[in-house]
Amino acid sequence: MQNYLFFGIIIYMSKDIKIVLTGDRPTGKLHLGHFVGSIQNRIKLQNEADKSYYMIADIQGLTDNASNPQKIRDNVIEVALDNLACGLDPKKTTMFIQSEVPEIAELTVIFLNLVTLARLKRNPTVKDEMKQKGFGEDVPAGFLCYPISQAADILFTKANLIPVGEDQLPVIEQANEIVDSFNRYYGDVFNHIKHLTSNTPRLIGTDGSAKMGKSLNNAIYLSDSLEEISKKVMNMYTDPGHIHVEDPGKIEGNVVFSYLDIFDSNRAEVDELKKQYRKGGLGDVVIKKRLISVLENTIGPIRAKREELSKDKNAIMKILEKGTNEAREKAKETMIEVREALKINYF
Ligand code: ATP
Ligand code: MG
């Protein structure tokens, strides 16, 4: 009997505690890339994890929108609505606003000492984004440092599992380096974090570019109307060499087929369409109409739920307020540990 109890305790203690954190920048409404890249995993994990957090990264949004705070403010409610409409459940996930947890800023300042300028400039995601935004050497310091503040966002909750799109992997890697440096100097306070990517870690844009992004003007939004979806799909690239219906067409680099591969659950029919398209005799409009209907099947129910939820924006703000209060309690707890570790706990 005693032995069973002993082993029971060991098993309980060694069970991996799963704490999940994810988030979005309130820089615009959310799109299909978010849905397949991260949101679907968020929804699944909120039922499996021991604790689940969702953060609206308004301070991070400001790092490249300093002159436009209204845009960030307006989109806080939009990204909350998008997540709730997809099935994020505030009873299972603590939803909070980054700027209302000032301990994150405090932790960021401490982490700043653990990262060099050379390392910041080497982060491939930041490098890509700086190029896209045309920053060059005039990059706002806050933007260059966002991987550091993102480490603080994650670590104050002691989260260890982060569902993200592929573009965020270098940022997670940098967060783990911060964990190593912190623990080496100040003792074991933080644990390594793991990323979780989906089957579609990077959804391409409607223009065929490497990533659908809300700041890139190439997105189909979860709130788009059927007319908007239709217009965007009708404008998608197929194969520029496929001029007449009877011409053989290419599948590789064909944006419409890339999307059908991801969103159309009828694999057999998509394979048959590809065969026909390659041979010639299948028009672009046929495959585009199919894609419109497939995307409407995914987005339609989300749009409807979103419209219903958006009738009571006060209720959404109440959810965020409650979640933020809870996150703040956790942040205070973590900061007591951090201050102790750094010997800056004077009074
Ligand atoms: P911005 O252009 O303002 O950075 P964004 O579209 O990149 O906006 P974020 O709020 O930065 O969106 O990203 C939120 C989450 O969604 C991250 O985990 C990110 O990796 C994921 N994500 C964003 N775009 C895509 C995409 N096209 N495919 C897969 N995942 C994506
Ligand atoms: Mg982004």
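Numbering of ligands and ligand atoms starts at 1, following listing order. The basis for the numbers below is simple: all heavy atoms, side chains too, and nothing from hydrogens, waters or symmetry mates. This chain uses plain numbering: 1 for the first residue, then up along the sequence.
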Any ion pair linking Lys318 and Asp312 (charged N to carboxylate O, less than 4.0 Å)?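 Looking at Asp312 and Lys318, the cut-off is not met.
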Pair Lys330 + Glu333, salt bridge at N-O below 4.0 Å: yes
Does ligand 1 have any atom that is closer than 4.0 Å to a heavy atom of Gly23?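 True for this residue.
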So, 4.0 Å and heavy atoms of Pro201: is ligand 1 close enough to count as a contact?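 For ligand 1, residue contact (heavy atoms, under 4.0 Å) with Pro201 is present.
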Is [X] close to ligand 1, meaning an N/O of one under 3.5 Å from an N/O of the other?
X: Val164; result: no
X: Thr200; result: no
X: Asp24; result: no
X: Leu203; result: yes
X: Asp167; result: yes
X: Thr27; result: yes

Please compare Gln60, Lys211, Lys133 and report which has the shortest non-hydrogen distance to atom 7 (O) of ligand 1. Lys211
Report the member of Lys29, Glu129, Arg25, His34 with the shortest heavy-atom distance to atom 16 (O) of ligand 1.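 Nearest option to atom 16 (O) of ligand 1, by heavy atoms: His34.
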Lys211 and its side chain to side chain contact (heavy atoms under 4.5 Å, CB included) partner, picked from Glu166, Arg202, Gln132: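 Only match with Lys211 under side chain to side chain contact (heavy atoms under 4.5 Å, CB included): Arg202.
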Kindly check if the number of other-residue, nucleotide or ligand heavy atoms within 6.0 Å of CZ (Arg119) is above 12?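 Yes, enclosed.
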Side-chain donor-acceptor pair present, [X], [Y], cut-off under 3.5 Å:
X: Glu100; Y: Thr324; result: no
X: Glu129; Y: Tyr146; result: yes
X: Asn191; Y: Lys158; result: no

Which ligand 1 atoms, with their elements, are less than 4.0 angstrom from a heavy-atom of [X]?
X: Gly37; value: 29 (C), 30 (N)
X: Gly213; value: 6 (O)
X: Met212; value: 24 (N), 25 (C), 26 (C), 27 (N)
X: Gly165; value: 18 (O), 19 (C), 20 (O), 21 (C), 30 (N)

Would you compute the distance between atom [atom1] of [X] and atom [atom2] of [Y] and round it to the nearest 0.5 angstrom?
X: Leu196; Y: Lys44; atom1: CG; atom2: NZ; answer: 7.0 Å
X: Ile77; Y: Ile56; atom1: CD1; atom2: CD1; answer: 8.0 Å
X: Gln98; Y: Asp153; atom1: CD; atom2: CG; answer: 4.5 Å
X: Leu32; Y: Ile229; atom1: CG; atom2: CD1; answer: 7.5 Å
X: Ile220; Y: Tyr259; atom1: CD1; atom2: OH; answer: 5.5 Å

Using a 4.0 Å heavy-atom cut-off, say whether [X] meets ligand 1 through its side chain, its backbone, both or neither.
X: Arg202; value: backbone
X: Ala57; value: neither
X: His31; value: side chain

Starting from [atom], which protein heavy atom do you reach first, and at what distance in Å?
atom: atom 1 (P) of ligand 1; result: Ser215 OG, 3.5 Å
atom: atom 31 (C) of ligand 1; result: Gly33 O, 3.7 Å
atom: atom 10 (O) of ligand 1; result: Lys214 NZ, 2.7 Å

